[in-house]
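Below: one structure, written as structure tokens.
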There are 2 protein chains.
Amino acid sequence: MARAARARQDRQRSAAPRATGGRVTIHDVAQAANVSIGTVSRALNGRGGVHPETRRRVLATATELAYDPDRAARELSNRRSVAVALSVAHGYPRLTPFFVLFLQRFSDHLADSGLRVQDVPTGSDGLPERDADAFVLLGAHPDDPRIAHAERLGRPFVLVGHHPGVRCVAPDDEAGGRLAAEHLLRLGHESLLHVSAMPHSQAYADRARGFDEAVRAALQRSSALAVADDGTPLSGYRALRAHLEAGSCPTGIFAASDELASGCMTAAADLGVRVPSDVSIVGFDDLPEVGTRLTTIRQDIDALARETVTLLREALQGERIRSLRLPVSLVSRGTTAERR
Amino acid sequence: MARAARARQDRQRSAAPRATGGRVTIHDVAQAANVSIGTVSRALNGRGGVHPETRRRVLATATELAYDPDRAARELSNRRSVAVALSVAHGYPRLTPFFVLFLQRFSDHLADSGLRVQDVPTGSDGLPERDADAFVLLGAHPDDPRIAHAERLGRPFVLVGHHPGVRCVAPDDEAGGRLAAEHLLRLGHESLLHVSAMPHSQAYADRARGFDEAVRAALQRSSALAVADDGTPLSGYRALRAHLEAGSCPTGIFAASDELASGCMTAAADLGVRVPSDVSIVGFDDLPEVGTRLTTIRQDIDALARETVTLLREALQGERIRSLRLPVSLVSRGTTAERR
DNA sequence: CCCACTTCCGTAAACGCTTACGAAGCTGAT
DNA sequence: ATCAGCTTCGTAAGCGTTTACGGAAGTGGG
């Protein structure tokens with residue numbers, strides 16, 4: 001042990017570069033900033049008891065050395081070991097591309113913050129499992145039984161979606177709907193159609209409300225509505241196709257998700273309706289897969305995941321309930337044009 | 001140190017249950033099996049120098065206590081730190097449900113085996129990144145540029161798919177195709193259709209070959225073919241719909257994937273064709289999402305992921321190239337019936 | 001009967017991090 | 001000048017695992 005201590009000491013004091021296989025460790029940062037590893041850790045994790053000047057110096061050298069804390073070590077040390085269970089909303093039997101993206105970000109942020117996911121039953125549709133320490137509920141429709149259930153369980157949880165009175169984080173769906181309407185209206189479109197999978201989620205409902213309010217404000221009437229079975233491209237395709245075959249011919253379409261939008265574009269193509277010259281289409285999400293061409297409402301998935309983790313930690317520490325709405329923005333690409 | 005050593009000793013000797021927050025550690029197993037933690041580790045990891053009888057006892061107590069090695073600790077200790085990059089095949093711009101499932105399993109097995117994924121650019125379509133230590137290529141079509149590229153790079157890689165001369169693992173697609181054909185033929189169907197997204201992957205080509213050979217052997221002629229744009233349900237829908245609207249009416253359909261099959265089922269429904277009374281449909285993959293109703297060719301995704309990790313480790317250790325074909329089986333459910 | 005060799009196993013260091021504890025330095029009140 | 005109390009920081013233990021090293025049996029040959 002005396003030997004070990006000396007070795008560690010040596011390593012800390014020695015000016016020679018460490019031989020840890022290239023990895024920059026907390027020791028390197030400590031050495032470079034002329035402090036101890038304890039101080040580095042405290043500075044980096046925002047713990048108290050560090051002189052502001054010291055903190056600044058540590059942070060600076062850390063970024064300079066491109067220090068990236070080792071996750072395994074952090075997890076092992078933290079032993080925060082919260083088993084986070086993810087549950088996909090009822091009515092979302094499938095794992096949407098959106099959720100896949102979210103999940104990636106989410107587990108990154110979770111690991112970064114020293115927490116660990118023990119169990120990620122992504123496919124599970126039903127109510128959250130008993131043996132988890134915390135829950136993340138993905139999506140919610142207004143009377144989601146999982147919410148009452150999670151509350152009854154008394155375990156910390158956060159909802160990715162929107163529901164009054166619970167800790168939740170969601171994009172500003174209503175504002176997004178409004179943005180879409182205003183964009184279409186500004187381009188001169190008055191024959192409007194909203195394609196949505198409405199009953200399934202609060203998000204869809206909010207998007208519809210924002211869209212509808214803006215439309216009513218401008219035109220004193222509502223737009224038409226085509227309801228898709230679920231949120232898949234195929235459901236969007238069938239919804240629009242059926243609508244067009246029934247004889248109506250909108251010039252502006254707001255699809256409640258990029259997936260629906262992609263189905264709509266295919267349907268339009270199959271029926272000889274050209275985008276954007278015959279009809280303009282606005283999506284929602286800004287998924288990278290379809291996104292390169294589509295005019296859409298962009299939401300920041302990474303921020304969504306990050307804030308989910310923040311709220312989750314707050315929940316774990318029993319802090320006051322707080323909810324977040326994340327801003328969205330319209331990105332105008334090739335599928336909208338002025339009405340001819 | 002004397003203090004620490006004694007503490008550890010105490011913990012090891014003491015009969016009292018450990019207070020590690022419920023987690024069963026290697027110490028618990030050691031204590032229960034009356035050996036040291038070193039021996040437990042060696043026994044569990046198949047290292048040499050353990051008496052068979054001792055090994056047996058350790059293994060027994062480990063399973064009895066439901067010992068589950070801590071990943072973080074294992075990673076930290078192992079420090080094998082291989083940066084594995086995943087690359088999705090050209091022509092598969094999207095992350096299919098199949099790959100999502102695969103990915104989950106894959107990273108589990110990777111972590112279990114002490115390796116660590118540093119970078120998983122799942123969405124990346126192009127050629128593998130320069131800074132990875134190893135690659136996993138997902139899917140391949142016959143002239144996949146990524147294969148030549150990976151070989152040129154000289155870094156270990158394994159292909160999930162099939163290609164001569166490289167380390168690869170794949171389900172027995174050809175046998176699967178044959179199974180589907182034989183099933184349909186056995187039910188008396190002779191007016192057959194194959195729905196596929198053929199040019200995109202070797203897997204689809206192999207499935208088609210197996211199917212076609214069995215069909216030719218029985219009927220002395222090929223089945224009809226409907227080509228879908230990609231592998232999505234929507235593409236399957238459009239392919240079948242177009243085919244049926246063109247006037248042909250098959251009684252047995254083999255869709256090259258469950259996703260295609262699900263689109264086919266919707267198309268049939270939309271056109272008033274009943275499954276399975278009017279037409280029988282066989283899928284491929286056995287995805288849990290669509291799988292509860294669909295007659296399909298089952299492949300073992302977990303095994304696929306496990307073997308991928310095995311081959312990856314072999315590649316990392318420079319062992320001889322070896323390829324695997326995993327068995328598939330037909331599971332008969334509600335979408336096939338005897339020809340009326 | 002002893003020694004070399006092998007087989008089996010226990011000990012403790014190491015992986016990179018967090019954090020409890022305590023030491024050192026400073027402030028201001030006495 | 002002294003001391004309590006605060007702030008700031010260094011030290012080292014500990015998270016659960018793997019593995020190098022060496023010790024203790026057991027085996028066989030001289």
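The sequence lines fix the lettering, A, B, ..., with proteins before strands; numbering per chain opens at 1.
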Using OP1 and OP2 only, check whether a side-chain N or O of [X] sits under 4.0 Å from [N].
| X | N | result |
| --- | --- | --- |
| A:S41 | C:dT18 | yes |
| A:T54 | D:dC9 | yes |
| B:R47 | D:dT18 | no |
| B:S77 | D:dT17 | no |

Q) How many angstroms lie between atom CG of A:L287 and atom CG of A:L101, to the nearest 0.5 angstrom? A)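 If I round to the nearest 0.5 Å, the distance is 6.5 Å.
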
In whole angstrom, give the distance that lies between atom [atom1] of [X] and atom [atom2] of [N].
| X | N | atom1 | atom2 | answer |
| --- | --- | --- | --- | --- |
| B:N45 | D:dT17 | CG | C1' | 9 Å |
| A:D70 | C:dA14 | CG | C1' | 13 Å |
| B:E53 | C:dC8 | CD | P | 12 Å |
| B:R42 | D:dC21 | CZ | C1' | 11 Å |
| B:I37 | D:dT19 | CD1 | C1' | 10 Å |
| B:D68 | D:dT17 | CG | C1' | 13 Å |
| B:H27 | C:dG10 | NE2 | P | 13 Å |
| A:R74 | D:dG14 | CZ | C1' | 17 Å |

(Q) Base of C:dG16, side chain of A:R71 - is there a donor-acceptor contact under 3.5 Å? (A) no

**Q.** Check: A:T39 side chain, D:dC9 base, donor-acceptor under 3.5 Å
**A.** no

Measuring from the side chain of [X] (C-beta onward, heavy atoms only), which nucleotide among [options] has the closest atom?
| X | options | result |
| --- | --- | --- |
| B:H51 | C:dC9, D:dT11, D:dT18 | C:dC9 |
| B:V35 | C:dG10, C:dG16, D:dT17 | C:dG10 |
| B:Y67 | D:dT17, D:dG16, C:dC17 | D:dT17 |

Q: Without swapping roles, check the side chain of B:S41 against the backbone of B:I37 for a donor-acceptor pair under 3.5 Å.
A: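 No, B:S41 side chain to B:I37 backbone: no donor-acceptor pair under 3.5 Å.
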
Q. Looking only at atom types and distance, does a side-chain atom of A:R56 sit under 3.5 Å from a main-chain N or O of A:T54, one as donor and one as acceptor?
A. no

**Q.** B:P69 or A:V50, whichever maps to the more 5' nucleotide of DNA chain D
**A.** A:V50

Q.
If we count only N and O atoms by modelled type, under 3.5 Å, do the side chains of A:Q299 and A:D285 hold a donor and an acceptor together?
A. yes

(Q) Can you classify the ring geometry of A:F99 versus A:F102 as parallel (below 30°), tilted (30 to 60°) or perpendicular (above 60°)? (A) perpendicular

